[in-house]
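One structure is given here, and the rest of the page talks about it.
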Amino acid sequence: NIAVIGHSRLGKAALLCGAQDARVRFTCANDAGCGGDALEQTKHPGAEDYAAMARSFPYWFCGNRSRYIDHPEERPYDQHFLLGAIAPRFAAVSSASLDRWADPYSQQLCCAAASPAWKLHGLRGFVGTESPAAVGAAYLEGHVAYHLRGGLHYLSRQDWLFYMDFVRRHKGENGMKTLCVDLGGSRVKLALMTAGSHPQPDVFEVDSRAPLAQTLSLVAQHAAAWGQPDAVSIALPCVVCRGTVIACNGKYTDAVGFDWVRWSQKTFGAPVFLMNDAAAALLGEMRCGAAKDTGAAAILMIGTGIGSAAAQDRRILTGRHGTMGMLGGHMAIEMLHPRRCTCGATGCLEAWAGTWALDEIARQEDGFAESALANARKVDYRALLDGVAQGDAVSLRVFETVATALGMGAVNLIHAYDPEVLLLSGGPCHSEMLMQRIRRYVRENVWTPWGQVDIRVAENPEGSVLLGLIRE
């Protein structure tokens with residue numbers, strides 16, 4: 001919940017900061033005027049223009065900008081381009097009625113001119129009149145707010161109250177309401193959450209190979225009684241790059257190319273944000289779980305497949321193409337006995353430790369037919385750990401193979417992403433014997449000259465994805 005504010009020339013700086021840094025949710029510009037939030041082509045007599053500014057502050061301008069100083073009508077842009085670059089986040093502009101130098105009406109018109117940038121995201125920009133505002137008017141409804149107070153060029157108490165009212169209105173006392181949706185391989189979890197409220201989610205069974213529209217229809221039905229969210233945030237077992245699903249491996253394959261923005265706007269009237277599920281789980285554990293005391297962490301999620309993510313400085317690593325940190329399940333750990341993975345490659349960690357692979361690994365063991373595992377309809381981690389508890393020889397051999405594979409994957413993640421904390425998440429992590437075996441392998445094989453990586457079990461494996469999806 002970062003907000004930036006500046007007055008006059010620092011109002012121009014606040015606008016540039018809000019436009020360039022996506023972490024800034026609220027940008028507040030006070031009397032920024034020329035070069036900030038006032039349109040140049042609507043300037044009124046007595047208002048500052050670029051020619052006057054260049055005479056006083058020539059060092060503010062780059063060479064390319066200077067060529068338009070005496071010919072503003074030739075510029076291919078105006079200041080609403082800067083204001084619009086803040087979309088889809090929030091912007092607030094305040095003017096003073098006697099501040100003719102900043103030109104209040106041109107500031108108001110700039111808010112209106114920038115609105116199409118928010119409409120591209122299905123959001124309301126400036127909600128107000130394009131006629132000159134009356135003194136004391138405050139337009140707060142849209143993502144672009146405007147206020148005109150009486151007086152001269154300074155940052156007043158009235159301005160502060162306007163900005164705080166705007167933030168409270170759109171943030172809420174507990175933060176914005178986010179419809180968080182975890183599209184899992186066999187279950188969907190969803191809840192309407194804020195930074196301060198984490199209700200128990202609704203959960204329903206789903207077939208991830210069914211048409212996506214069918215699953216999203218069920219999401220809409222379950223969320224119908226909760227009212228309109230401020231945002232919809234969705235986690236998928238897919239490669240997500242800059243908010244776009246670019247690849248899937250067997251699950252929700254029609255998520256690639258799906259018009260998420262249109263669906264969310266039509267269904268909920270809210271913007272939508274997409275995230276890889278392992279990345280969301282790691283973010284949730286850093287916010288409210290086992291990694292909240294560190295900014296350098298990685299996670300290995302053990303389930304049907306193997307998921308992973310990494311973070312530095314409390315920010316999820318994504319890389320240029322969205323795959324940084326998230327392909328831990330497809331790190332190659334075996335070359336002598338390569339097993340084919342679902343991704344098409346051989347030797348992947350997931351092909352040796354994903355739940356989907358356990359049954360085949362077990363059945364290839366000598367003596368399987370006489371082992372405790374033969375009684376299981378399909379060998380999974382629960383059946384494997386039960387066999388280990390009984391002292392079954394085949395179960396012990398398979399356990400050693402799987403635990404060694406997970407240890408190798410953990411070492412690879414540590415060497416690649418330099419975390420202080422490595423989280424292990426998923427049902428199998430409740431086995432203390434498995435955790436001890438992974439920790440021992442890491443201790444014996446990792447090279448971290450700075451010290452020991454703290455290997456922890458996720459505190460909230462069932463809810464960390466939803467916690468990571470909350471928009472703040």
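Numbers here simply count residues along the sequence, with the first being 1. Just so it is clear, the structure is predicted and the values come from calculations on it, not from any experiment.
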query = How many angstroms lie between CD1 in I438 and CZ in R443, if you round to the nearest 0.5 Å?
reply = 12.5 Å
inquiry  = Could you check whether any side-chain heavy atom of W260 comes within less than 4.5 Å of a side-chain heavy atom of V232, counting everything from C-beta outward?
reply    = no
message = Could you tell me if the side chain of E40 sits less than 4.5 Å from the side chain of D78, heavy atoms only?
response = yes
ask   = Could R437 and F399 be counted as a cation-pi pair, given that NZ or CZ must be under 6.0 Å from the ring centre and within 45° of the axis?
value = no
inquiry  = Given H170, which partner from the list F90, Y163, F26 fulfils the ring-ring contact (aromatic ring centres under 6.0 Å, His included) test?
reply    = F90
query = Hey, is the main chain of R89 close enough, under 3.5 Å, to the side chain of W118 for a donor-acceptor pair?
reply = yes
message = Over 60° means perpendicular and under 30° means parallel, so tell me whether F204 and H222 are parallel, tilted or perpendicular.
response = parallel
query = Between CG of L190 and CG of L466, what distance do you get to the nearest 0.5 Å?
reply = 8.0 Å
key: Shortest non-hydrogen contact between G36 and L15, atoms and distance   = C-CD1, 3.4 Å
E285 and V421: CA distance, side-chain angles, deciding distance, side chain to side chain contact (heavy atoms under 4.5 Å, CB included) verdict = CA-CA 11 Å; E285 290 289 339; V421 172; over 6 Å; no
inquiry  = Does the structure place the NZ or CZ of R75 under 6.0 Å from the centre of the six-membered ring of Y77, at an angle of no more than 45° from the ring's axis?
reply    = yes
inquiry  = For L300, is there any backbone N or O sitting under 3.5 Å from a side-chain donor or acceptor partner on S308?
reply    = no
Residue pair W352 / A405: nearest heavy atoms and the distance that separates them = CB-CB, 3.8 Å
query = Going from SG on C110 to CG on L82, what distance comes out if it is rounded to the nearest 0.5 angstrom?
reply = 8.0 Å
ask   = Between the side chain of D359 and the main-chain N/O of V379, is any donor-acceptor distance below 3.5 Å?
value = yes
ask   = Shortest non-hydrogen contact from A255 to L236?
value = CB-CD2, 4.0 Å
ask   = Tell me, do E334 and R339 make a side-chain contact under 4.5 Å, heavy atoms counted?
value = no
request  = With D293 as reference, evaluate R456, R287, R314 under the salt bridge (Lys or Arg N to Asp or Glu O under 4.0 Å) test and give the passing residue.
outcome  = R456
query = Could you walk me through whether R340 and E360 pass the salt bridge (Lys or Arg N to Asp or Glu O under 4.0 Å) check?
reply = CA-CA 11 Å; R340 183 68 62 180; E360 183 179 337; over 6 Å; no
message = Given 3.5 Å as the limit, does a donor-acceptor pair link the side chain of Y417 with the main chain of G325, or not?
response = yes
Reported CG-to-CD1 distance for the pair L406 and I306, which is rounded to 0.5 angstrom = 5.5 Å
query = Is there side-chain contact between K177 and W226, with at least one heavy-atom pair below 4.5 Å?
reply = no
key: side chain to side chain contact (heavy atoms under 4.5 Å, CB included) between V219 and T267, intermediate numbers included   = CA-CA 10 Å; V219 168; T267 307; over 6 Å; no
ask   = If every non-hydrogen atom of L384 is compared with every non-hydrogen atom of L373, which pair is closest and at what distance?
value = CA-CD2, 3.9 Å
inquiry  = A side-chain contact here means heavy atoms from C-beta on lying under 4.5 Å apart; do V93 and Y146 qualify?
reply    = yes
ask   = For the side chain of E141 and the backbone of V127, is there at least one donor-acceptor N/O pair under 3.5 Å apart?
value = no
message = If you define the side chain from C-beta out and look only at heavy atoms, does anything of R471 sit under 4.5 Å from D230?
response = no
request  = May I ask you to test the M193-L469 pair for a side-chain heavy-atom distance under 4.5 Å?
outcome  = no
inquiry  = I'd like to know whether CD of E444 has more than 12 heavy-atom contacts from other residues, nucleotides or ligands below 6.0 angstrom.
reply    = yes
Test: R315 and D313 ion pair at under 4.0 Å = no
query = Roughly how far, to the nearest 0.5 Å, is CD1 of I299 from CE of M326?
reply = 13.0 Å
ask   = Do the side chain of T355 and the main chain of D380 share a donor and acceptor less than 3.5 angstrom apart?
value = no
key: Main-chain N/O of A296 paired to T294 side chain as donor or acceptor, under 3.5 Å   = yes
task = Measure from the side-chain N and O atoms of Q312 to the backbone N and O of D418, and report whether any donor-acceptor pair falls under 3.5 Å.
result = yes
query = Is there a side-chain contact between L413 and L422 (heavy atoms, below 4.5 Å)?
reply = yes
ask   = Which pair of heavy atoms, one from A458 and one from A290, lies closest together, and at what distance?
value = CA-CB, 4.3 Å
ask   = Above 12 or not: heavy atoms from other molecules or residues under 6.0 Å from CH2 of W450?
value = yes
query = Is a side-chain donor or acceptor of D392 paired with a backbone partner of S371 at a separation under 3.5 angstrom?
reply = no
query = Rounded to the nearest 0.5 Å, how far does CZ of F166 lie from SG of C28?
reply = 7.0 Å
task = Please check if the side chain of S264 supplies one atom and the backbone of A270 the other of a donor-acceptor pair under 3.5 Å.
result = yes
ask   = Checking side chain to side chain contact (heavy atoms under 4.5 Å, CB included) for the pair C180/I470: CA distance, chi angles, key distance, verdict?
value = CA-CA 7 Å; C180 302; I470 298 172; 3.9 Å; yes
request  = For atom CG of D366, decide whether the heavy atoms of other residues, nucleotides or ligands shown that lie under 6.0 angstrom number more than 12.
outcome  = no
request  = For residues H415 and V446, report the shortest heavy-atom separation together with the two atoms involved.
outcome  = NE2-CG2, 3.5 Å
request  = Any chance you could lay out the side chain to side chain contact (heavy atoms under 4.5 Å, CB included) test for H330 and C341, step after step, and finish with the verdict?
outcome  = CA-CA 8 Å; H330 302 283; C341 181; 3.5 Å; yes
